[in-house]
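Each remark here refers to the structure printed beneath this line.
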Amino acid sequence: MPQQSDFFKDVYDVVRLIPEGRVTSYGAIAKYLGSARSSRMVGWAMNAAHSIPDVPAHRVVNRKGLLTGKMHFGEPDRMENLLKAEGVLVKNDKIIDFEKHFWDPMQELVL
DNA sequence: CCATTGACTTAAG
DNA sequence: CCTTAAGCCAATG
């Protein structure tokens, strides 16, 4: 069993804390972890998140609210399907009213 | 060990 | 909003 880096672990922690019907961005998580420009690593962490059962990676999208990682969910429609099931409207692989559903760990956790 | 890639972001035009 | 360019860093070839 590979022991994940602290960075990955923190990413998973934050992602797990995302409330239902809310979404956040890779950059927001990266920023919360102190590396605002390591958003790619957050993406890589999500890539490795397949081994983690309770990491709702579908709630993490890019800064435009685009479902960039939907193709990594086994089925291409899995991600947007999960989001819709939580009340997040998705159109053309993009989250509608993204800012309205946006959940910023900086703002919500570090008050 | 070097080169390329990638679920990204920001800044500037 | 779109395009370029640059930064970031693990994983892969």
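We name chains A, B, ... by the order of the sequence lines, and we start the count at 1 in each one.
- Residue contacts shown for A:Ala57 include a base, since a base heavy atom lies under 4.0 Å away.
- Listed by chain and residue number, A:Phe102 satisfy the ring pair (Phe, Tyr, Trp, His ring centres under 6.0 Å) test with A:Phe98 (two or more places apart in sequence, or in another chain).
- For the pair A:Ile18 CD1 and B:dA7 C1', the interatomic distance rounds to 13 Å; values are reported in whole Å.
- Residue pairs meeting the salt bridge (Lys or Arg N to Asp or Glu O under 4.0 Å) criterion with at least one partner in residues 6-19 of chain A, sequence neighbours excluded, are A:Asp13-A:Arg16, A:Arg16-A:Asp54.
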- Query: Tell me, for nucleotides 8-13 of chain B in 5' to 3' order, what letter each nucleotide earns: B for a base near a protein heavy atom under 4.0 Å, S for only sugar-phosphate near one, - for neither?
  - Reply: BSB---
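- Using modelled atom types, one side-chain atom of A:Asn62 and one backbone atom of A:Leu66 make a donor-acceptor pair closer than 3.5 Å.
- Extent of DNA chain C lying under 4.0 Å from chain A heavy atoms, first and last nucleotide in 5' to 3' order, is C:dG7 to C:dA11.
- Not counting sequence neighbours, the partners of A:Ala48 by the side chain to side chain contact (heavy atoms under 4.5 Å, CB included) test are A:Phe8, A:Tyr12.
- Applying the salt bridge (Lys or Arg N to Asp or Glu O under 4.0 Å) test to every pair with at least one member in residues 20-34 of chain A, sequence neighbours left out, gives no pairs at all.
- With sequence neighbours excluded, no residue forms a salt bridge (Lys or Arg N to Asp or Glu O under 4.0 Å) with A:Lys64.
- Remark: A:Val60 pairs with A:Val15, A:Ile18, A:Thr24, A:Tyr26, A:Ile29, A:Met46 by the side chain to side chain contact (heavy atoms under 4.5 Å, CB included) rule, at least two apart or across chains.
- Among residue pairs with one or both ends in residues 86-96 of chain A, those qualifying as side chain to side chain donor-acceptor pair (under 3.5 Å) are A:His58-A:Glu86, A:Arg59-A:Glu86, A:Lys70-A:Asp93; sequence neighbours excluded.
- Applying the side chain to side chain donor-acceptor pair (under 3.5 Å) test to pairs two or more places apart or on separate chains, none has a residue in residues 37-46 of chain A.
- If you check every strand for non-hydrogen atoms under 4.0 Å, A:His58 touches nothing.
- Residues of residues 71-100 of chain A that place a heavy atom closer than 4.0 Å to DNA chain C do not occur.
- Cluster partners of A:Ile96, using a side-chain heavy-atom cutoff of under 4.5 Å among ILVMFWY residues and allowing indirect links, are A:Leu89.
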